[in-house]
Amino acid sequence: MSVGASLDQQWARIRGRLKDEVGEIAYRSWLQPLSFAGIRGGEVRIVVPTRFMRDWVLTHYADRIRNLWAGENPDVLSIDVVVASANAPSMLMPDESGGEAPHDSGPGDGPAADGPVPPAPAPRAAALGQSASYGAASYGATSYIGSSYSAGPPSFASDESPTAVASVLEDRTDISAPLDPRFTFENFVVGKPNELAHAAARRVADATSVTFNPLFLYGGVGLGKTHLMHAIAWQIRRNDPNRKVIYLSAEKFMYQFIRALRFKDTMAFKQQFRSVDVLMIDDVQFISGKDSTQEEFFHTFNALVDQNRQVIISADKSPSDLEGMEERLRSRLGWGLVADIHPTTYELRLGILQAKADALNAAIPLKVLEFLAHKITSNVRELEGALNRIVAHAELVGRAISLESTQEVLHDLLRANDRRVTIDEIQKRVAEHFNIRVADMHSARRARAVARPRQVAMYLAKQLTARSLPEIGRKFGGRDHTTVMHAVKKVEELRTTDPAFAEDVELLRRMLES
């Protein structure tokens, strides 16, 4: 066995011990980028990508690495950690035998011949773009690629697919959880409930200058917020690969901030987040009630806006409705364009199912798609999951997709979505919408301000419940079933002649069904 091979094996064993001791996340963030450059005079040289990482390794891991080396090789007396230089032809040191020590640290785990591999980020967030002025700074969930050890930004043709982009990015940055290549503008089905949010997202993604700052997208679970966020990031990356984009969840932002506080390294944290061109934070409601994180996010937000950098936020509620959020932060979040995504309509759900079926290249009867669009109204994610289940069942079992097989396969999901709306719930929601008392639903008052909402509530009770007309009448102060019939007929007439009234009724129906 050669000296080089022996040293290589020693380094591989040391790396394995370090990984076991510090855990996967810390290892990937701080120790995986290390490369063994050689040994001379009892001193081991370790190469790191950046000065920041060198200081961190010297402070937190150097003693342990030296002890492990001494255990493997009694001749090792000290550790020298150096920063890789883009101008130096080689970082290799002559070993004790007069040759050069191996630069590789093991198959698939060490640096390439032209420089160290940047640290791999943790799942969920991906930092896109290049920076000529920064090396690699990693906090576990985001990473930058610096010119000190990369050959420059990858070049993408404007018509390259997100899958191809993801592949290149994965090769260049070892990203473990890239942006979802399915979530593009091309795959986003547009309808009335989401047309404003979609148009705003396209405008921001294609703009060469900041238009709305911030762009705030909000809506319920599974309605397309994350899809639009990913689509924006893909489009920006396709239009200009040199722009630095960070997309991550508010939870990851908080995690990185806490980590920076713990290791007394907030300056690097600030530098990382305030030097981007586009900052995208998903599910910002997560930091509600977390005062320190809100404080840091507030200052980061202001710094980026002051530099005319784009900020894009998503949440489940509008800025003014975010409970546990500081008033000044709610005010800042509402500065730009606030675009909401409404619950899906039947037409939009059907369009999404048809697009998804085409993407799966599955022959699904129209009546099955219509059935799903009627029955599963909660969110798009659940709708797509149902479609995947029936397609998978058909392929695995070899049985044609039919309405009967769909009901059989999705019996649990259909039962969960068969929500029973109560008349009491209808009365309460209608009273709130028209700003009257619930007691007015049962009263004998006949003023139009009371009678019209009461008729709407009767109409919705007829549409959304299985109660008979006499039962509905009894719930409205003991009224006769003919009164309910008159109310239903009146509301149907007004819906055809009064667009504003029709919109009110449709909104109430959606809210009650969601």
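For the numbers below, each heavy atom of this structure counts, side chains included, while hydrogens, waters and symmetry mates do not. Counting begins at 1 with the first residue of the sequence.
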Could you check whether any side-chain heavy atom of [X] comes within less than 4.5 Å of a side-chain heavy atom of [Y], counting everything from C-beta outward?
X: Arg349; Y: Thr345; answer: no
X: Phe301; Y: Val311; answer: yes
X: Glu506; Y: Glu503; answer: no
X: Asn239; Y: Gln235; answer: yes
X: Leu387; Y: Leu383; answer: no
X: Ile341; Y: Leu228; answer: yes
X: Met267; Y: Gln271; answer: no
X: Tyr459; Y: Val484; answer: no

When you measure from the side chain of [X] to the backbone N and O of [Y], does any donor-acceptor pair fall under 3.5 Å?
X: Asp283; Y: Gln285; value: no
X: Gln307; Y: Ala303; value: yes
X: Glu326; Y: Ser331; value: no
X: Lys290; Y: Phe286; value: yes
X: Lys475; Y: Asp424; value: no
X: Asp321; Y: Ser318; value: no
X: Asp440; Y: Arg437; value: yes
X: Asn187; Y: Arg182; value: yes
X: Gln427; Y: Ala457; value: no
X: Arg274; Y: Leu304; value: no

Taking all heavy atoms of [X] and all of [Y], pick out the closest pair and write down the distance.
X: Met325; Y: Ser288; answer: CE-OG, 3.6 Å
X: Thr184; Y: His227; answer: O-NE2, 2.8 Å
X: Ala201; Y: Leu215; answer: CA-CD2, 4.0 Å
X: Phe216; Y: Ala315; answer: CZ-CB, 3.5 Å
X: Val430; Y: Met441; answer: CG1-CE, 3.6 Å
X: Arg509; Y: Leu460; answer: CB-CD2, 4.1 Å

Does atom [atom1] ([X]) have a neighbourhood of more than 12 heavy atoms from anything else shown, all under 6.0 Å?
X: Met485; atom1: CE; answer: no
X: Arg389; atom1: CZ; answer: yes
X: Glu493; atom1: CD; answer: yes
X: Asn435; atom1: CG; answer: no

(message) Under a plain distance cut-off of 3.5 Å, with no hydrogens placed, do Gln455 and Arg452 share a side-chain donor-acceptor pair?
(response) yes

(request) Report the C-alpha distance between Lys462 and Glu471 in whole Å, list the side-chain angles of each, state the deciding distance to 0.1 Å, and finish with yes or no for salt bridge (charged side-chain N to carboxylate O under 4.0 Å, His left out). (result) CA-CA 10 Å; Lys462 176 67 172 63; Glu471 288 177 316; over 6 Å; no

Nearest-0.5 Å distance that lies between atom [atom1] in [X] and atom [atom2] in [Y]:
X: Thr293; Y: Ile258; atom1: OG1; atom2: CD1; value: 5.5 Å
X: Glu370; Y: Tyr346; atom1: CD; atom2: OH; value: 4.0 Å
X: Leu279; Y: Arg309; atom1: CG; atom2: CZ; value: 11.0 Å
X: Ile376; Y: Thr344; atom1: CD1; atom2: OG1; value: 10.5 Å
X: Thr300; Y: Phe257; atom1: OG1; atom2: CZ; value: 8.5 Å
X: Leu464; Y: Ile426; atom1: CG; atom2: CD1; value: 5.0 Å

(message) Do Arg454 and Phe476 form a cation-pi contact, if we require the NZ or CZ to be under 6.0 Å from the six-membered ring centre and within 45 degrees of the ring's axis?
(response) no

(request) With Arg202 as the cation and Phe185 as the aromatic partner, state whether NZ or CZ is under 6.0 Å from the six-membered ring centre and within 45° of the axis. (result) yes

(request) Hey, can you tell me if Phe273 and Phe253 have their rings parallel, tilted or perpendicular (30° and 60° cut-offs)? (result) perpendicular

(message) The test is side chain to side chain contact (heavy atoms under 4.5 Å, CB included); show your working for Ile287 and Phe297 and say whether it passes.
(response) CA-CA 9 Å; Ile287 63 173; Phe297 179 70; 4.1 Å; yes

(request) Using a strict 4.0 Å threshold on nitrogen-to-oxygen distance, state whether Glu347 and Lys192 make a salt bridge. (result) no

(message) Looking at Arg330 and Glu327, is any side-chain nitrogen of the basic one under 4.0 Å from a carboxylate oxygen of the acidic one?
(response) yes

(message) Applying side chain to side chain contact (heavy atoms under 4.5 Å, CB included) to Phe434 and Leu508, what does each step give before you reach the verdict?
(response) CA-CA 11 Å; Phe434 287 102; Leu508 283 165; 3.9 Å; yes

(request) Apply the test side chain to side chain contact (heavy atoms under 4.5 Å, CB included) to residues Asn242 and Asp277: give CA-CA distance (whole Å), side-chain angles for both, the deciding distance (0.1 Å), then the verdict. (result) CA-CA 10 Å; Asn242 291 317; Asp277 295 306; over 6 Å; no

(message) Under the side chain to side chain contact (heavy atoms under 4.5 Å, CB included) test against Gln310, which residue among Val278, Val245, Ile236 passes?
(response) Val278

(message) Walk me through whether Asp282 and Tyr247 qualify under side chain to side chain donor-acceptor pair (under 3.5 Å).
(response) CA-CA 8 Å; Asp282 209 354; Tyr247 164 78; 2.7 Å; yes

(request) Quick one: do Asn194 and His342 satisfy side chain to side chain contact (heavy atoms under 4.5 Å, CB included)? Show the steps, please. (result) CA-CA 6 Å; Asn194 59 28; His342 295 291; over 6 Å; no

